[in-house]
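Here the structure is laid out as structure tokens; the discussion comes afterwards.
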Amino acid sequence: MKTSSNEISQLSNTRTLFVETLSQQFIALTGCGVYVYLNPVDINGLFNEYLSDTLSINTFARQCVKNVLE
């Protein structure tokens, strides 16, 4: 299956938005950014989970923060 540059660009934009949203949620609830709690490999794993989920980025990010802080 061929992947177009447009699909790669869209995936990259989605990943950037995901990480920014996740970091904003961590800052809002803890005062610290996401990288205090998770390493890049963990964040990438969460992004892959998000892609296969039906939740919005905001809802998924809030759930991630709550799960990490429990």
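As a basis for the values below, the full set of heavy atoms in this structure was taken, side chains included, without hydrogen atoms, waters or symmetry mates. Note that the numbering runs from 1 along the sequence shown for the chain.
No continuous path of ILVMFWY side-chain contacts below 4.5 Å connects V68 to I27, so the two sit in separate hydrophobic clusters. In this structure, V41 is not a member of the same hydrophobic cluster as F60, with clusters built from ILVMFWY side-chain heavy atoms closer than 4.5 Å.
Between C64 and L22, the closest heavy-atom pair is CB-CD1, 3.8 Å.
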Mind listing the side-chain donor-acceptor pairs of residues 50-57 below 3.5 Å, one per line with the distance, residues two or more places apart or on another chain?
from, atom 1, to, atom 2, distance (Å)
S52, OG, E49, O, 3.0
D53, OD1, L55, N, 3.3
S56, OG, T59, N, 3.2
S56, OG, T59, OG1, 3.0

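When side chains are defined from C-beta on, L38 counts as touching L46, because their heavy atoms get closer than 4.5 Å.
Proximity of a side-chain donor or acceptor of S12 to a complementary backbone N or O of I8 within less than 3.5 Å is not detected.
Atom-to-atom distance recorded for L29:CG and R62:CZ is 9.0 Å, nearest 0.5 angstrom. Between the CG atom of L17 and the CZ atom of F47 there is a distance of 9.5 Å, given to the nearest 0.5 Å.
Within the structure, the side-chain hydrogen bond (donor to acceptor under 3.5 Å, both in side chains) test picks out the following pairs touching residues 20-40 (sequence neighbours left out): N39-D42.
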